[in-house]
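The structure appears below as structure tokens.
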Amino acid sequence: MGIFAEPMPVYHDLTSAQKKFVQKLLLKKYRGQEGKFIVEGPHLVGEALDSSWMVDDIIMAPSFGSNPHAPKILKRAASKRVRIMETSDSFFRKISDTVASQGIVAVVRESVSGVGDFWLRNEGDAVLVALDGITDPGNVGTIIRSCDWFGVGAVLLGRGTVELYNPKTLRSTMGSIFHLPIYTDVDLESGLSEAKKSGFRVIAAVSSGGAGLKKQFHSGKMLIVFGNEAHGIRPALQEMADEEVTIPRFGRAESLNVAVSAGIILSCVRM
């Protein structure tokens with residue numbers, strides 16, 4: 001074997017102390033204290049390993065060895081010197097967030113960064129998205145995934161928006177959490193003010209009364225704000241908007257899901 005050969009996966013048994021630690025990460029309180037979270041399934045684990053985020057451990061059940069994605073994931077983990085831990089299928093079911101466990105999770109460190117001088121670093125035709133008080137993890141995850149698809153520069157999660165590292169949020173992102181900057185616990189009043197100072201046009205997505213999407217979106221920097229599923233954008237933020245947009249209704253549905261609305265509006269921005 002040559003001196004430059006890739007390292008082979010080495011497996012360790014998950015200890016009782018490590019089991020307790022992993023179980024604590026199922027709770028938001030402990031995720032915040034430890035600055036770590038869990039992603040589950042071969043797709044999300046693979047995305048984490050392929051990203052710049054720090055992966056501490058891979059935890060797998062014996063059944064994962066027969067998964068067709070196992071060789072690639074375990075080889076990638078070994079190449080990044082990530083510790084691979086084995087545990088029983090019965091314990092794995094305790095830490096799995098899905099009905100049918102996929103047999104692998106990764107413990108990932110949160111990527112912590114403040115907004116800071118973020119506004120000054122975005123030049124040209126940057127498109128950003130801010131979420132104000134969106135409480136459904138599936139909606140937040142899906143919006144992040146759509147933002148990734150449409151090349152949004154960053155996503156700002158305002159205070160009151162569901163936790164980014166909620167397992168359902170993570171699963172709904174389908175790995176897009178690892179592809180673009182996401183800022184959490186953002187004071188949006190301050191954020192929108194800074195955005196406007198830095199040349200961003202603030203656009204509020206509202207359920208009625210805004211300009212139709214046939215209106216041409218101008219080039220330049222823009223920050224699009226989406227609000228709470230039931231109550232929309234808070235009045236204080238809506239008043240800060242330079243303009244409002246509304247998706248026209250042709251049928252009888254009372255409203256659109258906020259994640260669907262975000263996808264429609266972002267597609268129009270990118271037309």
Discussion item. Any side-chain to backbone donor/acceptor pair from Arg76 onto Gly46? Under 3.5 Å, distance only.
Written reply: no
Worksheet entry | Student check: side-chain heavy atoms of Val129 and Leu223 closer than 4.5 Å | no
Worksheet entry | Distance in Å, Asn166 CG paired with Arg31 CZ, rounded so as to fall on 0.5 Å steps | 6.0 Å
Worksheet item: Do you reckon Val260 sits in the same ILVMFWY cluster as Val258, going by side-chain contacts under 4.5 Å, direct or chained?
Response: yes
Worksheet entry | Ile203 and Val225: CA distance, side-chain angles, deciding distance, side-chain contact (heavy atoms from CB on, under 4.5 Å) verdict | CA-CA 6 Å; Ile203 300 172; Val225 186; over 6 Å; no
Item to complete: Provide the closest heavy-atom pair for Cys147 versus Leu180 in the form atom of the first, atom of the second, distance.
Response: CB-CD1, 4.1 Å
Practice prompt. For the pair Arg270 (side chain) and Phe150 (backbone), establish whether a donor and an acceptor sit closer than 3.5 Å, ignoring hydrogens and angles.
Written response: yes
Discussion item. Side chains of Asn257 and Asn139: any donor to acceptor distance under 3.5 Å?
Written reply: yes
Worksheet item: Are Gln238 and Glu244 linked by a side-chain donor-acceptor pair shorter than 3.5 Å?
Response: yes
Discussion item. Using side-chain heavy atoms (C-beta onward) and a distance below 4.5 Å, is Phe37 in contact with Glu110?
Written reply: yes
Practice prompt. Measure the shortest side-chain to side-chain distance between Lys24 and Phe21 over non-hydrogen atoms and say whether it is less than 4.5 angstrom.
Written response: no
Item to complete: Report the C-alpha separation of Asp132 and Asn228 in whole Å, then their side-chain angles, then the decisive distance to 0.1 Å, and conclude whether the side-chain contact (heavy atoms from CB on, under 4.5 Å) test is met.
Response: CA-CA 6 Å; Asp132 178 37; Asn228 175 268; over 6 Å; no
Practice prompt. Decide yes or no for Leu25 and Val107: does some side-chain heavy atom of the first lie under 4.5 Å from some side-chain heavy atom of the second?
Written response: yes
Worksheet item: If you draw the axis of the six-membered ring of Phe91, does the NZ or CZ of Lys19 fall within 45° of it and under 6.0 Å from the ring centre?
Response: yes
Worksheet item: Short question: side chain of Thr173, backbone of Gly141 - any donor-acceptor pair under 3.5 Å?
Response: no
Practice prompt. Find out whether Tyr165 and Lys28 are in side-chain contact, i.e. whether some heavy atom of one side chain is under 4.5 Å from a heavy atom of the other.
Written response: no
Discussion item. If you define the side chain from C-beta out and look only at heavy atoms, does anything of Val155 sit under 4.5 Å from Pro181?
Written reply: no
Worksheet entry | Heavy-atom closest pair, residues Val55 and Ala106 | CG1-CB, 4.0 Å
Discussion item. Looking at Thr15, is its backbone amide N or carbonyl O close enough to the side chain of Gln18 to form a donor-acceptor pair, meaning the two atoms are under 3.5 Å apart?
Written reply: yes
Discussion item. Is the shortest side-chain heavy-atom distance between Val269 and Met222 below 4.5 Å?
Written reply: yes
Worksheet item: When rounded to the nearest 0.5 angstrom, what distance separates CG in Leu49 from CG in Leu44?
Response: 11.0 Å
Worksheet item: If only atom types and distance count, is the side chain of Lys196 paired as donor or acceptor with the main-chain N or O of Ala241 below 3.5 Å?
Response: no
Item to complete: For Thr161 and Leu157, indicate whether the former's side chain and the latter's backbone hold a donor-acceptor pair under 3.5 Å.
Response: no
Discussion item. Would the distance check show the side chain of Asp242 and the main-chain N or O of Val202 forming a donor-acceptor pair, the cut-off being under 3.5 Å?
Written reply: yes
Item to complete: Please assess Arg109 against Asp56 for the test salt bridge (charged side-chain N to carboxylate O under 4.0 Å, His left out), listing each intermediate value before the final yes or no.
Response: CA-CA 7 Å; Arg109 298 188 192 183; Asp56 281 356; 2.8 Å; yes
Worksheet entry | Donor-acceptor pair, side chain of Ser190 and main chain of Asp187, under 3.5 angstrom | no
Discussion item. Give me the atom names and distance for the closest heavy-atom approach of Glu189 to Met240.
Written reply: O-CE, 3.4 Å
Worksheet item: Do Ser96 and Glu40 meet the criterion of a side-chain donor-acceptor pair at a distance under 3.5 Å?
Response: yes
Worksheet item: side-chain contact (heavy atoms from CB on, under 4.5 Å) between Glu86 and Leu14: does it pass, once the steps are laid out?
Response: CA-CA 6 Å; Glu86 288 187 303; Leu14 196 66; over 6 Å; no
Worksheet item: Does Ile73 belong to the same Ile/Leu/Val/Met/Phe/Trp/Tyr cluster as Met174, with side-chain heavy atoms less than 4.5 Å apart forming each link?
Response: no
Worksheet entry | Any side-chain heavy-atom pair of Val140 and Ile143 under 4.5 Å | no
Fill in: Closest approach of Leu164 to Ile182 (non-hydrogen atoms, all atoms of both residues)
CD2-CG2, 3.9 Å
Practice prompt. Could you tell me which non-hydrogen atom of Leu188 sits nearest to which non-hydrogen atom of Ala130, and how far apart they are?
Written response: CD2-CB, 4.0 Å
Worksheet item: Just how far is it from atom CG of Asn67 to atom CE of Met60, taken to the nearest 0.5 Å?
Response: 9.5 Å
Worksheet, complete the sentence: Rounding to 0.5 Å, atoms CD1 (Ile38) and CD (Gln23) come to a distance of 9.0 Å
Worksheet item: Would you say the side-chain atoms of Gln102 and His43 include a donor-acceptor pair closer than 3.5 Å?
Response: no
Practice prompt. Give a yes or no answer on whether the side chain of Ser198 reaches the backbone of Glu194 with a donor-acceptor pair at less than 3.5 Å.
Written response: yes
Worksheet item: So, does Ser172 use its side chain to make a donor-acceptor pair with the main chain of Lys168 at under 3.5 Å?
Response: yes
Worksheet item: Hey, any chance Ile134 and Ile144 share a hydrophobic cluster, counting ILVMFWY side chains that come within less than 4.5 Å of each other, even indirectly?
Response: yes
Item to complete: Mind running side-chain contact (heavy atoms from CB on, under 4.5 Å) on Val127 and Ile224 for me, showing each step along the way?
Response: CA-CA 8 Å; Val127 177; Ile224 307 172; 4.2 Å; yes
